[in-house]
Amino acid sequence: MEFTFYGHACFSILFNNKKLLFDPFISPNEQAKDVDITAIAADYIIISHGHNDHIADAIQLAKQTNATVISSWEICAWLQSKGIDKVHPMNAGGKFAFDFGTIKATVAQHSSSFVDGSYAGNPLGFIVKDDQKSFYYSGDTALTLDMQLISNYTNLNFAILPIGDNFTMGVMDAIQASKFIHCNTIIGVHYNTFGYIVIDKEEAVKAFKKENMELLLPEIGETIVLK
Ligand code: NI
Ligand code: MN
C-alpha cells in the first residue's frame, strides 16, 4: 500500500491499484501550497465529515477526477445538490464491498456540519480491507472505547490517527487508541496546520517509540510504502 500525504488530514492510499483520496483539503492550506491540485487523480474520494478542513476541495476534485465519493448520507446528498452524481452514501456500522475491497464505516466522536452550519450527518471513520490487508482511518475523533471492537473485525496493517489535540485526540490518546486497535504502525495527521493544534513532532515520535510503536509523520507531498 502506498500512502501520499497532502497536508492536514488529506492523503491518498493506493489499495489494489485504486487510488483512494481522503478528506480533500488542500487549496486553503498554506502549508500545502506546493501541491498541484490539478494533478491529483483519484478513483474514490472518501470524506469523514463535513468540516471545511476535510471537504474544502471535494467538489472541485470530484469533478476533476470523476471519482465516486463515499461519505455519510447527508454529505452525499449535499454533493448531489452541487451537481456531483457519483456518490455512495454510508453510515456508521455499515460495510460495503467495492471493487478494491470492503469499507466499513465506524463511529467517530466528533461533530459534523457544513460551513454554513447545516447538518452534515454523523462523523465517520473508515476501515478498508481485503483478505490480506487492512487499514483504519479514524477521522476526527476523541479516543473512544468503541475502538476496541476493531480488532475483532480485522488485523490492521496500519492506522491513520489525528494527533493534534484540541479538536481531536492528542498524542497520548492516540497511543491509547493504537493499543485499543492492536496496531503498532501509526500515521499521524491533523496537527500543526492551525495554531490550536501545534505539537512537537519529535516528542510525539518519542512517545510512541517508548510504547514500542512507530509514529510516521510524512512530509507534505511525500509518498511512503507500507506493508
Ligand atoms: Ni472536524
Ligand atoms: Mn478537522
Side-chain angles (χ1 to χ4, degrees), residues 3-13 20-33 35 37 40 42 45-62 69-79 89-92 103 105-128 135-144 146-147 159-178 186-199 201 204 215-218 220:
F3 174 102
T4 302
F5 190 44
Y6 297 115
H8 195 52
C10 180
F11 54 92
S12 68
I13 293 180
L20 318 180
L21 177 69
F22 289 80
D23 285 355
F25 170 78
I26 299 162
S27 60
N29 183 0
E30 176 65 17
Q31 294 173 9
K33 64 181 186 312
V35 174
I37 193 165
I40 292 178
I45 297 173
I46 304 172
I47 302 172
S48 64
H49 64 297
H51 291 158
N52 200 48
D53 60 319
H54 299 259
I55 204 170
D57 294 316
I59 292 169
Q60 183 190 332
L61 280 167
V69 182
I70 301 169
S71 192
S72 69
W73 178 272
E74 292 80 0
I75 288 173
C76 287
W78 178 81
L79 287 167
M90 296 186 75
N91 212 333
I103 289 192
T106 67
V107 169
Q109 283 288 356
H110 193 63
S111 58
S112 182
S113 53
F114 296 108
V115 166
D116 67 1
S118 62
Y119 177 63
N122 283 327
L124 300 172
F126 303 97
I127 303 162
V128 180
F135 69 88
Y136 168 50
Y137 170 46
S138 71
D140 283 8
T141 184
L143 176 64
T144 152
D146 292 339
M147 290 169 176
I160 302 109
L161 303 177
I163 57 170
D165 223 325
N166 192 74
F167 298 116
T168 66
M169 293 188 283
V171 170
M172 297 319 287
D173 281 355
I175 288 171
Q176 186 58 58
S178 310
I186 304 299
I187 302 170
V189 296
H190 213 277
Y191 67 92
N192 286 3
T193 319
F194 323 111
Y196 291 119
I197 57 173
V198 172
I199 66 158
K201 285 170 71 170
L215 177 67
L216 302 168
L217 301 174
I220 295 173

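All values below come from the heavy atoms of this structure, side chains included, with hydrogens, waters and symmetry mates left out. Start at 1 and go down the list; that is how both ligands and their atoms are numbered. All residue numbers in this chain count up from 1 along the given sequence.
Between D23 and I47, the closest heavy-atom pair is OD1-CA, 3.3 Å.
Looking only at distances, a side-chain donor or acceptor of T141 sits under 3.5 Å from a matching main-chain atom of Q109. Distance alone, capped at 3.5 Å, places no donor-acceptor pair between the N29 side chain and the T193 backbone.
Using a 4.5 Å heavy-atom threshold, the side chains of H8 and H54 count as touching.
The only option from D57, L21, T4 that meets the side-chain contact (heavy atoms from CB on, under 4.5 Å) definition with I40 turns out to be L21.
Residue-and-atom listing of protein N/O/S atoms under 2.8 Å from the Mn ion (ligand 2), sorted by chain and number: D53 OD2, H54 NE2, D140 OD2, H190 NE2. Below the 2.8 Å limit, the Ni ion (ligand 1) has as protein N, O or S neighbours H49 NE2, H51 ND1, H110 NE2, D140 OD2.
A search for side chain to side chain contact (heavy atoms under 4.5 Å, CB included) contacts involving D173 returns L143, M169, not counting sequence neighbours. Here F11 pairs with F3, F22, Y137 under the ring pair (Phe, Tyr, Trp, His ring centres under 6.0 Å) rule; sequence neighbours left out.
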**Criterion ring pair (Phe, Tyr, Trp, His ring centres under 6.0 Å) on F167 and H110, from CA distance to verdict** = CA-CA 8 Å; F167 298 116; H110 193 63; 7.7 Å; no
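Interatomic distance, I70 CD1 to M90 CE, rounded to the nearest 0.5 Å: 7.0 Å.
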